[in-house]
Every structure is written in structure tokens, then in C-alpha cells.
Amino acid sequence: MQYSTSSISLLGKEGMYRENTVAVVVPAYQEELLISSTIKSIPTYVDRIYVVNDASLDKTGQIINEIAHHDSRIKPIHHTINTGVGGAIISGYKAACNDGYEVIAVMAGDNQMDPDFLPELLNPIIDGTVDYTVGNRLINPEFRRGMSKWRFVGNSVLTLLTKIASGYWQLMDPQNGYTAISRRALETISLELIYPRYGYCNDLLVWLNTYGFRAKNVPHPARYGLERSGIKYSTYIVRLSWLLLNAFFWRLKTKYVVLSFHPLVFFYLFGFFFGFLGFLFGVYSLYFKFYLNNPIFVPAVVSVILFALGVQFVLFAMLFDMQEEHKGAWY
């Protein structure tokens, strides 16, 4: 990766990682018990640590300020209004971009992200093979030890929905907040428009794919301590599904109509049209049989053919979308 470092205020070359400047964003809300151990675990090769206190009501902000007095790498950011985990991370991203750091990682303030795996996230970006890396706890049963079955099922469902919406068909565990991203990716997408609450990571993937940036999974084991997830998957999946549905159509329009063109858009449209038409004919078949007392064979066959045609169009559209993922990025 080649960047101009004229705007970067370095703490000294001894803090650089493989001749690249690295910043870490630490979003924190009500983390007075864990924020200290989280910050102190961040490796010394990290040049800057942006700790974002998202309007915590406990002593989180006070602890951050106290630690910052003893570590010049730490730059506290205090929100007066709670913006959500996505909003906190976006604040850190903006500060890191303004200061000119080349690679920006995220390590949540709950101390669940093992710093020993940070180089695995940084190396692919520094090597120039990808612009975004995200941890993967789902690939190995040993890695997800300690993860409840309900949480695993929820993450698996969201993984499938995010694959479809984002176009990153090979990516797993999109809810994993342990990530790293290049500055050029952050400077290309519109950070102000990213969903600020839980779901920001899924929305960010949609933006990155739309603008042609490559992403990669980095396997690592889950690590749980005192902190417990506050996500209620029964309602979270429903709410996020609506977000992903809107993001999916936005990506198709922006990536395959506005920025470039690909006929897979028509395949999706025909697929949805014939699938819906087949569903309507199926409902009509039941009405035709049980209300009008007529033979069901002909309308049932028509509904099956239409629905099968719609499924075929959608599957071809997905195949074309998968092929686009493996093509070279526009930059």
C-alpha cells in the first residue's frame, strides 16, 4: 500500500507496523469494568487509539481520560448523545482518516477481541490484497466454543442474509466487530450514511461491495468474559432483515445500473416478478379448487411453472453476482 504520509503526525517509527501507520478505534458504552483492560491490551505497534465514549452514564469516560494521561497514543472522543455502536465507530473512523492513518482496526471496549490476532487482520490490507478484513468465529466448532446455540443460529441466519444483500458470498460472521479497513476505502464510501446502530457492520459491507472493495475473513476463536451480548436475536433479525432488504436493492441500483451495468438486475426483476406471479396463481388454484369446486390441475401446474421460472431467474442472478465478486476491483 502506498500513501502520502505528509499529513500524518507519527509518534515515531518504532510504533509503525510493517512501515504502515495503524490506528485502533475502541467504541465503548457502559464499559467501566472492561475498558481499562481493553485499552492496555492493545499492542505497542499501534500508533493511535481512538477511544469513543458513546455517552456512557457510568465511569467509562472518566477511566478513559485517566488512562489517556499515561499513554500519549490515546485520543478520547466523548459523545454527549448516544449514537449507537456504529455511530461511535464512525466517529473514530473519521478522526483516523483526518489524522491520515493508513489502516484502521476496531476493537470493542468489552475486551472480547484478542489482540494477538490483530496482525492477521492488518497483513492482508498492508499486502494490498484486500481493503477490509473481518474476523470469523463460525468456521470452526472449536472457535465458537462458548457461543450459545441460539447465538450461533442467529449469526448463521444473518450471515446468509448479508451474503445476499452485500454480494460478499464467501464472507462469514458479518456480526463480528473485530475488523480492519484501509483509509482509501473509508475515504471512498459515505460514512455519514452508514446505519449507526447494531447492523452497521452489515451496512458497511454493502457499501464496500458496491464500490468494488475486496474483503476477507480472518478465522479466530470467540472470546467471552464478563460481558454478555445485549442483542435479542428474535427481534434483531427481523429489524435487520428490513435494513438488508433495502440495502440489497440500493446495491443493485448503484452498482449495476448507476456505476456500471450488468444484466443480472433484469434477472432479479424477472425472478421476483415470475415468483410473485406463481405465488398468486397458487393462491388462485386453491380458490379455484375449494371455493369454486373445479379441477385444480391446470392452475396448479401454471403456478408451479411460473414459480419455478422465477426461482431459476433468481438463481442465475445470484450466480452472476458471485462471479462479479471474484473480478478485479474498479480501482
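This chain uses plain numbering: 1 for the first residue, then up along the sequence.
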Review point. Are Tyr178 and His220 an aromatic pair by the rule of ring centers under 6.0 Å?
Key: yes
Exercise for review: Kindly write out the residues that satisfy side-chain hydrogen bond (donor to acceptor under 3.5 Å, both in side chains) with Asn136, not counting sequence neighbours, or none if the list is empty.
Suggested key: none
**Study point:** Parallel, tilted or perpendicular: rings of Tyr50 and Tyr101 (30°, 60°)
**Key:** perpendicular
Review point. How are the rings of Phe274 and Phe270 set to each other: parallel, tilted or perpendicular (split at 30° and 60°)?
Key: tilted
Review point. Are Tyr17 and Asn123 linked by a side-chain donor-acceptor pair shorter than 3.5 Å?
Key: yes
**Study point:** Polar side-chain atom of Ser37 near backbone of Leu34 as donor-acceptor pair, under 3.5 Å
**Key:** yes
Exercise for review: For this output row, return yes or no: ring centroids of Phe267 and Phe313 closer than 6.0 angstrom.
Suggested key: yes
Review point. Sub-3.5 Å donor-acceptor pair from the side chain of Arg183 to the main-chain atoms of Gly100, do we have one?
Key: yes
Exercise for review: Look at the aromatic rings of Tyr268 and Phe248 and report parallel, tilted or perpendicular, splitting at 30° and 60°.
Suggested key: perpendicular
Exercise for review: Hey, can you tell me if His262 and Phe320 have their rings parallel, tilted or perpendicular (30° and 60° cut-offs)?
Suggested key: tilted
Review point. Between Asp127 (side chain) and Thr129 (backbone), is there a donor-acceptor pair under 3.5 Å?
Key: no
Listing, residues 56-68 side-chain donor-acceptor contacts under 3.5 Å, not counting sequence neighbours, or none:
residue: Ser56; atom: OG; partner: Gln30; partner atom: N; Å: 2.9
residue: Ser56; atom: OG; partner: Asn53; partner atom: OD1; Å: 2.7
residue: Asp58; atom: OD1; partner: Thr60; partner atom: N; Å: 3.0
residue: Asp58; atom: OD1; partner: Thr60; partner atom: OG1; Å: 2.6
residue: Asp58; atom: OD2; partner: Glu31; partner atom: N; Å: 3.4
residue: Asp58; atom: OD2; partner: Glu32; partner atom: N; Å: 3.4
residue: Asp58; atom: OD2; partner: Thr60; partner atom: OG1; Å: 3.3
residue: Thr60; atom: OG1; partner: Glu31; partner atom: N; Å: 2.8
residue: Thr60; atom: OG1; partner: Glu32; partner atom: N; Å: 3.2
residue: Gln62; atom: NE2; partner: Glu66; partner atom: OE2; Å: 3.2
residue: Asn65; atom: OD1; partner: His78; partner atom: NE2; Å: 2.9
residue: Asn65; atom: ND2; partner: Gly61; partner atom: O; Å: 3.4

Practice item. Kindly write out the residues that satisfy salt bridge (charged side-chain N to carboxylate O under 4.0 Å, His left out) with Asp321, not counting sequence neighbours, or none if the list is empty. Key: Arg251
**Study point:** Donor-acceptor under 3.5 Å (Asn202 side chain, Gln175 main chain)
**Key:** no
Point to revise | Gap separating the CD1 atom of Ile89 from the CD1 atom of Ile104, nearest 0.5 angstrom | key: 12.5 Å
Exercise for review: Look at the side-chain heavy atoms of Ile, Leu, Val, Met, Phe, Trp and Tyr, link any pair under 4.5 Å apart, and say whether Leu277 and Phe288 land in one connected group.
Suggested key: no
Review point. To the nearest 0.5 Å, how far apart are CG in Asn20 and OG in Ser182?
Key: 11.0 Å
